[in-house]
Amino acid sequence: MGAWTRRVMWPVVRSLLAAGSVVTGLSCAGEDIAAPSIGSIEISTATSGPEPDGDGYAVTIDAVTGAAIGANATLRRDDLHPGTHIVGLTGTAANCAVEGENPRTVEVHAGDATPVAFVITCRATAGTLEISASTTGPVPDPDGYTVLLDGTERGGIGVSGTLVTDGLAGGEHSVGLSGVAANCQVQGDNPRTVTVTPGASATVAFAVACTTSPAGTGTVRVTTSTTGVDLDPDGYTFALDGGTAQPVGVNAVATLTNVAAGTHTVRLAGVAANCSVSGTNPSSISITAGATTTATFGVTCRATATYRVIDLGTLGGSYSSARAINSAGQVVGNSGMPGGDPEDGLPNAHAFLWENGVMTDLGTLGGGYSSAEDINDAGQVVGFSTTSSGVTHGFLWDKGVMTDLGALSGDVSVSDAMGINPLGQVVGTSYTPIQPTTGGSSPRAYLWQAGVMTDLGTLGGNASFAADINDQGQVVGHSTISGPDNDHAFLWENGVMTDLGTLGPGRSEATGINSAGQIVGTFVTAAFGNRAFLWEKGVMIDLVTLGGSWSRADGINTAGQVVGASMTAAAGDRAFLWEKGVMVELGTLGGLFSGASDINDEGQVVGWSYPQSGLQHATLWTRE
């Protein structure tokens, strides 16, 4: 399916330069491999500010992510061919910005080390609020209180306890206590206003006075009944009316006494990802004075899934990447060929079809490079390739024959093919001239069917990119808009292109769609940074991350399982599978990095992973 970074290689740029064109929204990778000598790049970072990026950055050279580099560090690469290269930093925290161009173009000369210095400035983004409660009186509230921050519950706090909330935006905030027992009263204003300064800690203290027990109180018994396999190892917690969490075992009973008569809610939490609570949670209960009321929770646990990681190898080069998989387990992607660039194998990489342990070279349209991007259940493959005349065109490969799909404006223009459905409809992007006098060009999403290529238009800007198409002919991708927020994800159907928006001011890109019309992709905002999303029936959901600062989604199957890549809390970027609110790390071939591109209806996942040494290889994950 689609990918967040377009892989249009050096042959694309070379063909456009030869035609005198300027292509917008196009990133390039690779360099002419004919040069006989080697040069170097010395990359340095200098980071300043009150909240520097804690895990450093990743260096990209010619759109390929490479080694990590610290916030104030130097990294040298001594294996680059002379010529023009594009160097950048990724993985910057949301509160940090790289000064100047990023990425930037540098010229490498044989035998010399070209310095590339990046200056990064980080600002304070948030402050900390310390909320405390002190309670006096003969009968204190039995379950503590709930902290309300700007009208939203932010956790429980004991009758004499402290809750620290960090990551707050600077400015005024409303803080209050709720869930206070009927015989207790908060002294002073509740809620009250407190000012938070970025980079500093503010405090607010609540005093609560309690009298004797109210006339009517009762007892709550919380019981849990857990079935299945791989039961939650550390049990659960429960809270009364959103108050302080209390522990309860997987098959156990916990009791709260002195609960005021009336209606209350009990919520079970701390449930493992492979377990689910049956029925309503939280549960509503009615307490009668002098009586005991039971709240029972049934929990079912399923076996924890593990995945086998399989290296699909290469076509003889040092690099490969899997892009898509069909229901029969056929995998397509691209691989470096023997004698390719030792850095990434891309200048002479070829599209491949992998089946039953055998990787087959699909060839090219006459040039030196090709990449397969999608495959349907009939075994038809689409992608893009350089031609004998030096331009890049989308192709359709079927039963051993690779067909040139052409372009919207003729053979001299550039195109790719990114998705194909069971009907043989193909979508991709074609670069069409828009400025006859200057040679400028604009990318346009297209739909190809039975030899006819149709321009799908835009969301108001001058560029659009198509990434995937489902059984119903619904197309997704992203397009520039007329406003200031750059690109937005779109859904195209029956001639109408709909803006899917973002989760806040920023940009978004749709990369995959299943037969049910569920859409996945990535949104980028100042508040969240890069995050994977799932769009369904007009609602965009943040899939969060594996604990790190970013994630992206690239594929979805009929069951709604989503795959992509995310930064982890520990180290490295990892392939993930997201299902029903739970994101699971899929692992690697032994190195730190991996990423998932597609998943079929059998739950098989493909993408790429780094082994302990060497460059990335096409990877297949299968459930054990």
Side-chain angles (χ1 to χ4, degrees), residues 1-3 273-274 302-310 312 321-333 352-357 372-383 397-398 417-427 467-476 491 493 510-521 532-537 541 543 552-565 575-587 594-608 618-624:
M1 302 291 178
N274 66 308
R302 64 184 185 276
T304 304
T306 58
Y307 285 81
R308 179 186 176 199
V309 188
I310 302 170
L312 302 188
S321 178
R323 310 294 302 141
I325 183 171
N326 65 9
S327 295
Q330 294 175 302
V331 181
V332 295
F352 72 74
L353 170 65
W354 182 95
E355 185 177 14
N356 297 325
E373 296 297 314
D374 201 12
I375 181 171
N376 63 14
D377 286 350
Q380 295 175 302
V381 181
V382 294
W397 184 95
D398 189 12
M418 304 302 292
I420 183 170
N421 68 6
L423 302 177
Q425 295 174 305
V426 180
V427 295
D468 195 19
I469 181 170
N470 67 4
D471 306 10
Q472 285 71 47
Q474 295 173 304
V475 182
V476 296
L491 168 64
E493 184 177 14
T511 49
I513 182 171
N514 65 10
S515 58
Q518 294 174 301
I519 300 169
V520 296
F533 74 74
L534 169 65
W535 184 96
E536 184 177 13
K537 297 178 180 178
I541 303 169
L543 301 189
R552 72 169 189 267
D554 286 326
I556 183 170
N557 65 8
T558 302
Q561 295 175 305
V562 181
V563 296
F576 72 75
L577 182 146
W578 181 97
E579 183 179 12
K580 297 179 180 178
V582 178
M583 184 177 286
V584 178
E585 181 181 325
L586 295 180
S594 63
S597 303
D598 195 18
I599 180 171
N600 65 11
D601 288 346
E602 283 64 46
Q604 296 173 302
V605 181
V606 294
W608 55 268
T619 305
L620 169 66
W621 288 268
T622 61
R623 191 185 292 260
E624 293 184 330

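The analysis underlying the following values was restricted to heavy atoms, covering all of them including side chains, and did not include hydrogens, waters or symmetry mates.
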(message) Would you say that L312 contacts T619 through its side chain, given a criterion of any heavy-atom pair below 4.5 Å between the two side chains?
(response) no

(message) Could you check whether any side-chain N or O of S321 sits under 3.5 Å from a backbone N or O of A618, counting only pairs where one atom can act as donor and the other as acceptor?
(response) no

(message) Looking at Q604, is its backbone amide N or carbonyl O close enough to the side chain of T622 to form a donor-acceptor pair, meaning the two atoms are under 3.5 Å apart?
(response) no

(message) Has N326 got a side-chain atom pairing as donor or acceptor with N376's backbone, closer than 3.5 angstrom?
(response) yes

(request) Working to the nearest 0.5 Å, report the span between CZ of R623 and CZ of R308. (result) 15.5 Å

(message) What verdict does the side chain to side chain donor-acceptor pair (under 3.5 Å) test give for D554 and S597, after you've listed the backbone C-alpha separation in whole Å, the side-chain angles of each residue and the deciding distance to 0.1 Å?
(response) CA-CA 5 Å; D554 286 326; S597 303; 5.1 Å; no

(request) Identify the two heavy atoms, one from G595 and one from A575, that lie closest to each other, and give their separation to 0.1 Å. (result) C-CB, 3.7 Å

(message) I want to check something: taking the side chain as every heavy atom from C-beta on, are V427 and I420 in contact at a cut-off of under 4.5 Å?
(response) no

(request) Write down the atom of V562, the atom of A553, and the distance for their closest heavy-atom approach. (result) CG1-CB, 3.7 Å

(request) Give, for atom CG of L543 and atom CZ of R552, the distance between the pair rounded to the nearest 0.5 Å. (result) 13.5 Å

(message) Can you give me the closest heavy-atom contact between G521 and T511, atom names plus distance?
(response) CA-OG1, 3.5 Å

(message) When you compare the side chain of I519 with that of L534, does any pair of heavy atoms fall below 4.5 Å?
(response) no

(message) Do W621 and V563 have side chains that approach each other closer than 4.5 Å (heavy atoms only, starting at C-beta)?
(response) no

(message) With rounding to the nearest 0.5 angstrom, report the CD1 to CG distance, I513 to D468.
(response) 7.5 Å

(message) To the closest 0.5 Å, what do you measure between OG (S594) and CH2 (W608)?
(response) 6.5 Å

(request) Kindly indicate whether the side chain of F576, heavy atoms from C-beta on, has any atom under 4.5 Å from the side chain of M583. (result) yes

(request) Decide yes or no for D374 and V381: does some side-chain heavy atom of the first lie under 4.5 Å from some side-chain heavy atom of the second? (result) no

(request) Kindly compute the distance separating CD (Q561) from CD (E602), expressed to the nearest 0.5 Å. (result) 10.5 Å

(request) State, with a plain yes or no, whether a side-chain heavy atom of L353 is found less than 4.5 Å away from one of I375. (result) yes

(request) Applying side-chain contact (heavy atoms from CB on, under 4.5 Å) between L620 and each of I325, V309, V605, report the one that passes. (result) I325

(message) To check you understand the geometry: which heavy-atom pair defines the closest contact between A324 and E373, and what is its length?
(response) CB-O, 3.6 Å

(request) Please confirm whether the backbone N or O of I556 pairs with a side-chain atom of N514, one donor and one acceptor, at under 3.5 Å? (result) no

(message) With heavy-atom distances below 4.5 Å as the criterion, would you say the side chains of S327 and D377 are in contact?
(response) yes

(message) Given 3.5 Å as the limit, does a donor-acceptor pair link the side chain of N557 with the main chain of I599, or not?
(response) no

